[in-house]
Protein chains: 2
Amino acid sequence: MTQSEVAESQHPRERVLSAVYPLFAHRGVRDVGIDEIIRTAGVAKATFYRHFASKEALVLAFLQRRHEVFGINWLLGEVARRATTPEGRLLAIFDVFAEWFAREDYEACSFIRVMFELGASDPAGQASIGYLHEIRNQIVLLAKDAGLDDVDGFAWSWRILMAGSIVTAAEGDLGAASRARRLAAALIAQHRPATATQAFHCPASPGHHEGTGQFRRENR
Amino acid sequence: MTQSEVAESQHPRERVLSAVYPLFAHRGVRDVGIDEIIRTAGVAKATFYRHFASKEALVLAFLQRRHEVFGINWLLGEVARRATTPEGRLLAIFDVFAEWFAREDYEACSFIRVMFELGASDPAGQASIGYLHEIRNQIVLLAKDAGLDDVDGFAWSWRILMAGSIVTAAEGDLGAASRARRLAAALIAQHRPATATQAFHCPASPGHHEGTGQFRRENR
DNA sequence: CGGGCAAGACCGACCGGTCTCGCTCGTGGC
DNA sequence: GCCACGAGCGAGACCGGTCGGTCTTGCCCG
């Protein structure tokens, strides 16, 4: 193997995965057909199906790739470069988001998009939800590091801010990240134990249950 | 006309719209084909195309219908039934959301789903973003009623909470609405003018711009 | 020589969209 | 009051294109 050419002389499976990544990430899953995939990857159709049992298998592999290169672990690394304290690392998530949202080819979160595109009952939708839960679990660990109260409820609320800013950024809000950061700071204050908890006014909601870490909805 | 039968003896366009509504709302737009639509509506294909120029035109009509029967005006009505004060009406949004999320056939926000499914450059995606902006504009008016500061930034932040809870509810958080409500209360406190503004600690972010009402991203 | 490959023909199913049939029913001329 | 007409309709054949997926061919390289 000459190793020259471009970098295309890799394993066909790898060529397919790296070719399909931007297509799926930017345009979603259903809009990209097999023919376009193999054309972009420069791979024969038979070769594609030697390495992937079906398009669904490719989608699952894409989601895993997304999780590996642009998921929570990548985010935790970025966050660690920017802050040293546990609370600072939490808030730094939205500084990373600010750079992400500012990209002119901002493509939002593939897990959320696939969950909506294919539905929660589809295997790829289930996998997406699984990765989103993995993100939330890491938030739980960060919250524990920060010594916060009710880390599970905190992580769910944190996910609201992450998902909400991702969506409103796609809607067109250029300041979504900084807005979410302000809300995140308030959320941290709400979950700081004992000393100087919430000093702000929280109007009561009649018949308003607490809503702790409860979970699970049957797939539609 | 006997007027009996069922209630199906309406105008074909209306039959198509009411038949397609649950299909699009629950399964998205691309998953539902023309053949299934006309079969469900009990309408001939030629009749369908007499009333809709294309499937895209049907999607646009669906979005408009969604906006009319389940959009911001419906939400404002529900909210008015539950609260009298401006701040109470704002917070009541998440009480309505709590009931919405609890439905076993919860289908999330069609505007967000279509925006992600078709992309921001697609006409239907553009229309969806337009309806989302209309929602935000009504939040601005509610915020003005409540006498809050920076109503535009407030409305964007409020949309973060709405969109975020919608997404995390789809992920499986049964308490998304009450969590968002708590955050919303903190957001209102942040935007209450002068008297007793934020008493909580908001850690500084190095090089962190303010992020006011700026807006607009070019369609990808 | 043989396994993995690129190229691409081929498959049935379905896509969005057009067009041809009859049938029905409301309407206007008489 | 009657009837012929025509618009609108349901049913469905049909169109080219594309979908995901299979299979054949011939090449290249170990």
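Not measured: the values here are computed from a predicted model. Chain letters run A, B, ... following the sequence lines, proteins first, then strands; residues in each count from 1.
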**Asked** Charged N to carboxylate O below 4.0 Å: is that the case for B:R179 and B:D173?
**Response** yes
**Asked** Near DNA chain C, under 4.0 Å by heavy atom, which residues of residues 55-65 of chain B?
**Response** B:K55
**Complete:** Whole-Å distance, B:I38 CD1 to D:dG10 C1', equals 10 Å
**Message:** Distance check needed: C:dG17 C1' versus B:F52 CZ, whole Å only.
**Reply:** 15 Å
**Atom-pair distance (CD on B:E14; P on D:dC9), nearest Å** = 13 Å
Report, one pair per line, the protein and nucleotides 2-5 of chain C atoms (nitrogen or oxygen only) whose separation is under 3.5 Å.
residue: C:dC5; atom: OP2; partner: A:R50; partner atom: NE; Å: 3.3
residue: C:dC5; atom: OP2; partner: A:H51; partner atom: NE2; Å: 3.4

**Between D:dC19 (C1') and A:I34 (CD1): distance, integer Å** = 9 Å
**Request:** Answer yes if the side chains of B:E134 and B:Q138 hold a donor-acceptor pair under 3.5 Å, and no otherwise.
**Result:** no
**Message:** Is the positively charged end of A:R136 above the ring of A:W156, judged by distance under 6.0 angstrom from the centroid and angle within 45° of the axis?
**Reply:** yes
**Flag, side chain of B:R15 to backbone of B:G42, donor-acceptor distance under 3.5 Å** = yes
**Request:** Using a strict cut-off of less than 4.0 Å between a Lys/Arg side-chain nitrogen and an Asp/Glu carboxylate oxygen, indicate whether A:R27 and A:E36 qualify as a salt bridge.
**Result:** yes
**Request:** Provide, to the nearest angstrom, the distance between the CZ atom belonging to B:R39 and the C1' atom belonging to D:dA11.
**Result:** 14 Å
**Prompt:** Hey, is A:E78 close enough to A:R81 for a salt bridge, meaning N to O under 4.0 Å?
**Reply:** yes
**Prompt:** Ion pair present between A:R82 and A:D95, side-chain N to carboxylate O less than 4.0 angstrom?
**Reply:** no
**Asked** Any luck finding a side-chain donor-acceptor pair between B:E171 and A:H133 under 3.5 Å?
**Response** no
**Prompt:** Taking CD1 from B:I37 and P from C:dC14, how many angstroms apart are they, rounded to a whole number?
**Reply:** 16 Å
**Prompt:** With a 4.0 Å cut-off, would you call A:R66 and A:E107 a salt bridge?
**Reply:** yes
**Closest heavy-atom pair and its distance - B:T168, B:A176** = OG1-CB, 3.5 Å
**Request:** Could you label the plane-to-plane angle of the A:H191 and A:F154 rings as parallel, tilted or perpendicular, counting under 30° as parallel and over 60° as perpendicular?
**Result:** perpendicular
**Item:** Value in whole Å for how far the P atom of D:dG20 lies from OH of A:Y49
**Value:** 7 Å
**Message:** Please pick, from C:dC15, C:dT18, D:dG21, the nucleotide with the shortest atom-to-atom distance to any side-chain atom of B:D35.
**Reply:** C:dC15
**Request:** Starting at atom CZ of B:R30, determine the distance to atom C1' of D:dC19, rounded to an integer number of angstrom.
**Result:** 11 Å
**Request:** Report the end-to-end axis angle of the helix from C:dC1-D:dG30 to C:dC30-D:dG1; each axis comes from five terminal pairs, and the value is rounded to 10°.
**Result:** 10°
